[in-house]
Undergrad: 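Structure incoming, see below.
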Amino acid sequence: MRNRAIFLLFCAICAIAIPGCGEPAKSIVLWHAYRGREESAIELLARRYEEQHPGVTVDLLSIPFDAYSSKLGAAIPRAHGPDLFIDANERLGVYLRDGLVAPVGDALPDAEVGAYDKTSVDAVTLGGVRYAVPLTNKCLALYVNDALVKSDPKSIEEISRLRASLPDDVYPLAYEAPNSFFHAPFLYAFGGRMLDDRGRFAFQGEAAAKSIDFVRDLTLARVVPVEPDGALVTRLFASGHAATAINGPWMMSELEGTVSYHVIPLPPIEAAASSSTHGEMKPLLTVEGVMLSPTGAEREEVRAFARYLAGEDSALLRAGLGQQVVARSDVWQNDLIASDLKLKAFHDAARAAVPMPTSPAMRAAWVPANQAIVKVLRGDAKSVDALEEAAARFADAMRPQPPPPSPAPLLVALGAILLGLAFYAVRRAQNPSFRVAVRKSMPAYRYVAHAAIVIFALVIVPLAAGALASFFAGTETHPLYVGMTNYVRILTARGGPLLGHGSFYLTLLVTVLWTLANVTLHVAIGLVLGVALSRPLLRFKAIYRVLLILPWAVPSYVTALAWKGMFHRQFGAVNAILKALGAEPVSWFSHFSTAFAANVATNVWLGFPFMMVVTLGALTSIPKDVLEAAEVDGATRLQRFFKVTLPLLKPTLLPAVVLGAVWTFNMFNVVFLVSGGEPDDSTDILVSDAYRWAFTRDAQYGYAAAYAVLIFFLLLGGTRLLGKVAGSEEGIT
Amino acid sequence: MTLPHEQLSTSVSVASASSEVSAPATAPKRKLRCSVRGAKKSFGQNPILRGVDLDIEEGAFAVLVGPSGCGKSTLLRLVAGLEELDEGTIHLGERDVTHAPPRDRDVAMVFQSYALYPHLSVRENLAFGLKLRKTSDKDIDERVREASKMLSLGELLDRMPKQLSGGQKQRVAMGRAIVRRPQIFLFDEPLSNLDAALRAEVRVEIRRNHDQLRATTLYVTHDQVEAMTLADTLWVMNGGVVEQKGTPLDVYERPRSEFVAGFLGSPQMNFFDAKLEKEGDRWLAIGEGARIAIGEERFGAALTEGRTVRAGVRPHDLVRAEEGQPIAGNLHVEIIEALGFEAIAHGWLTASGPRVIARLDADEARKAKSGDSIPLAVTPGSAHLFDPKTGLALDAK
Ligand SMILES: Nc1ncnc2c1ncn2[C@@H]1O[C@H](COP(=O)(O)OP(=O)(O)OP(=O)(O)O)[C@@H](O)[C@H]1O
Ligand SMILES: [Mg+2]
């Protein structure tokens, strides 16, 4: 029995450790991230293809969107990825750099190019080579509420003139203004662009400034709501509180059964018209296509299947059943499809669209661009200044790595440490009493061995791998050894002022402030409630207990999102209450102090139940007669609390405080989801900053890993310090 | 050295006119330090105290005894202010403190568990109450020194409570009360957590301290010996009322009820269901194998022929009959507990009768063995009589 278990474990380890040791797959493996109707369509297509081609099997694997590209990046180089996968063109740059895609070859032969929309084919063509077969176009268009708008607006100005005739709580135009993806049409209308041809940040200069100023004026004139997110835009339009909305085809499914509307391509901006342009709004075009992995591209039947997926029959089905804006121009001649006016409007809009840049630099461009837009919309900065700052931040994130230093110092250091350890081990082993001790505790080691192995594999190894990663730059697939450079750059604030924007020290300061504020409030509120709940005469105690522990039972990101909504400037509950009380509404996320307070409020809500429960537990261990002795000795209720209860709670509370401090120090969820670093990354704490370096600033995993290592040592030091304080209190119990 | 009582005596006032304390006739009437009138207290539906009167004179040592659950601790906590009375009043000195919180009562209490502050050193434990009362540092120092000298706490002052033995903790708890120099000391079974030898030692110490301080004390205990040795006045409680009060010897020799008689004294008094009969000029209580001679002068008119009574004889008054002494009964010995200087014999007079305990000399104990039959005699005038219905003693007075 036990031997078999060990054998199975061994097999499992082999299966993980030795990639591709199984049988080579005969079937065609397709990965996608589709849901709902799109998924039904793709499944139906795969079954049809199997029927038409006996002997061929198609395995579909639906991967959650969030994990999609990281899974691809992990699986394809290790040869257990898909043969082909469906993804958006803007990822092509990264995939190409990492060697995850191959040219499509005869899946899209020159002869068939004419059947596709030209912009779509352009979008998947890099350096003259096609890397995907286009399936669908996704770009922004204008949703128009039939009841609120009589005739299709001919320009944005015409929409803004609706302000005069619409009721006060109905906005003429709703869209995610602070998001540069949604801002892009405005930018292109004024003749600007996001990246230049060489992948450099181009969201600056006069055109960019004008586009932001234009939007700011729309906001000030209450044409556009203040800082809406995607969910709010949908809600406003669906409830008839927005006459028009700029959004992609994905909003259609959420509008079913709400308002009556139609879709048209984005109208031009009159103010942007000049001698050279008519001020056309050009949305960014995302083209989803079938991409081939390097191994998949070598297989004839895989390429054939890709061609089939993009082909005419398939396109008809995907448009009809899947409600996709298919990227083939010929299909749109078909009356059945063309009669779906909404889909057709999106297809028309795609023709005027600008393909999304495929450069990896785009990933690092979004955040600075968003921040610049937000700053201007809030009136915190002039557009020119904000854009200049954005460009600087982009450059900072994209700064090229220095030439790799020699790995010798690290190797020498590592060698010295290992040598030292070996020397120590030998010395210990020679000690006879030590040997006896080891032999004696052999049975004990057997009992803890499995736990030790699991901890080693799940904790120590990832920790070491993370620490090792901090000596590298570049990507997962093309790591570049840089020695201590990451640390040096972090600790020198990347050459900027030590407490400048985004410097390690400033973020550390914010993090410490964040931890102190939270832990103090957690303990204070937890104590007060714990003591209140433990009063013997309190009625409905059980109910209060459950209610107060509830915040703890709700997943923290749900709470964080709910609180973020409550702090919304225009639609949030907090401002609604303030307004009802006659106070001025607060723009919570435009100042450090208020944004920080919003974060703290959320995290206090999440964190006090823990301290309360600890307090409740600790209170039961305080003997009643000691408190009575104090009472007889003449202590008032407050004196009893501060001079007896509190000191006696201390030994139990201290470890909880240490734990709470560590949790808070690393409380990524709240900071990321509530303020998201706003305003201007100033409320970011160390972990959320590290996350940004890894995931929004040109994938600097090594740099982020160095952050993580520094955080680890900071926490190690901090808890040791607190442990010392706690240790000196041990005399109590 | 200033003794606490000297300072305290300044705050003492003349006792109220209603003072009806039955002080020993020899002692002059003294001022009342604590008086509880008509105290009633229930927890939920359970009446715990059903109207208790309690008076303690200035400087007296009152001991409260009674079976477990009779409400001794409750009464003590009422005096301390840790519980609130349902009915009745409490006066300390001349002040009505019925509704005052503990800190306004100026009492000090020694808990059964000692209740030392675990996070404070011995010195801080002693000083805690004084600091709360904003006593000057100099005064605190002096009083702590005084108390630690009295209780030999000197070396322990800087230790933490968990570094102390049970007896040391107990002394610290007493010290904490002493430095306060309160109106009244309250002790709730302070010795019950100590082993027998230590208990005897501390008991003497408590008495010595009291003789030295003359501090008014209310002391709750379970322990017969403590009650008898410590008390100036003994208060026997049962079922939420005071059954009897008086000097320990008085209560021991003249128990007012069968309950008190049975409760005080160890081993317990023997009881027999009996009928009174006159044989010649002697009164006898006869029943359950016993013929017990009754002292006429003690019961007077209560003695009527044929009356059913409960007759009680303490084991120490039930001894082997000498030649020519009237036999009170024949003890069938079951077990002999040899205590060295004497022995306790357990057995019965008749198989259907109650278990009987008698005292034997050490010599006799050596000879006697289980299964023997020993003729017993009652020490003249030592028998108690109780009414079987009311349980009250039939004493003439
Ligand atoms: N807080 C309380 N709530 C409910 N009942 C109580 C409470 N305190 C005491 N009692 C009850 O009151 C009765 C008397 O309790 P008390 O502690 O006064 O007895 P005691 O004479 O001190 O007994 P012991 O000799 O065992 O200490 C007991 O039946 C006890 O269960
Ligand atoms: Mg008690």
Side-chain angles (χ1 to χ4, degrees), chain A residues 523 527 530-531 534-542 614-658 722-733, chain B residues 43 73 76-84 100-121 124-135 158-163 169 172-174 176-177 179-190 193:
Chain A
V523 172
L527 263 181
V531 170
S534 67
R535 294 187 54 186
L537 294 180
L538 189 71
R539 289 167 95 214
F540 308 123
K541 215 189 304 197
V614 170
T615 306
L616 274 174
L619 279 174
T620 58
S621 70
I622 296 184
K624 190 167 139 262
D625 52 9
V626 171
L627 288 170
E628 286 181 342
E631 203 176 343
V632 174
D633 259 348
T636 61
R637 191 187 288 280
L638 272 184
Q639 284 171 328
R640 287 204 299 276
F641 179 74
F642 284 107
K643 288 181 192 272
V644 181
T645 308
L646 203 55
L648 291 183
L649 286 178
K650 224 153 111 192
T652 325
L653 275 184
L654 261 173
V657 167
V658 172
L722 274 173
K724 280 243 173 69
V725 178
S728 69
E729 302 277 344
E730 244 171 349
I732 292 174
T733 42
Chain B
F43 288 112
S73 297
L76 201 71
R77 292 164 57 81
L78 282 168
V79 173
L82 292 172
E83 307 277 359
E84 186 142 7
R103 67 172 179 283
D104 293 341
R105 296 197 178 192
D106 194 19
V107 300
M109 184 155 168
V110 177
F111 292 77
Q112 180 175 2
S113 60
Y114 317 134
L116 300 182
Y117 307 119
H119 58 296
L120 300 180
S121 68
E124 291 163 329
N125 261 283
L126 296 184
F128 188 83
L130 296 177
K131 276 198 183 137
L132 290 179
R133 274 156 220 268
K134 305 256 184 306
T135 316
D158 293 314
R159 292 211 200 155
M160 298 302 279
K162 73 167 179 182
Q163 298 166 315
K169 280 184 192 163
V172 175
M174 290 212 304
R176 190 168 66 180
V179 292
R180 289 266 317 282
R181 299 178 181 171
Q183 292 244 23
I184 182 165
F185 285 98
L186 305 173
F187 291 81
D188 192 355
E189 308 195 29
N193 283 348

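Residue numbers begin at 1 in each chain, while the letters A, B, ... track the order of the sequences. Keep in mind that the numbers below use all heavy atoms, side chains included, and drop hydrogens, waters and symmetry copies.
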Undergrad: Can you check whether anything in residues 638-645 of chain A gets within less than 4.5 Å of chain B, heavy-atom wise, and list it by number?
TA: A:Gln639, A:Lys643, A:Val644
Undergrad: Nearest 0.5 Å please: distance from the CD atom of B:Glu83 over to the CD atom of A:Glu628.
TA: 7.5 Å
Undergrad: Is chain A contacted by the side chain of B:Leu116, its backbone, both, or neither, given a heavy-atom distance below 4.5 Å?
TA: backbone
Undergrad: Identify which part of B:Arg77 has an atom lying under 4.5 Å from any heavy atom of chain A, answering side chain, backbone, both or neither.
TA: side chain
Undergrad: What are the two closest heavy atoms between B:His119 and A:Leu648, and how far apart are they?
TA: ND1-CD2, 3.6 Å
Undergrad: Of the non-hydrogen atoms in B:Ala115 and A:Ala629, which two are nearest, and what is the gap between them?
TA: O-CB, 3.8 Å
Undergrad: How close do A:Val632 and B:Pro102 get, heavy atom to heavy atom, and via which atoms?
TA: CA-CB, 4.1 Å
Undergrad: How long is the straight-line distance from CZ of B:Arg176 back to CG of A:Asp633, given to the nearest 0.5 Å?
TA: 5.5 Å
Undergrad: So which residue, B:Ser113, B:Pro101, B:Ala80, ends up with the most heavy-atom pairs under 4.5 Å with chain A?
TA: B:Ser113
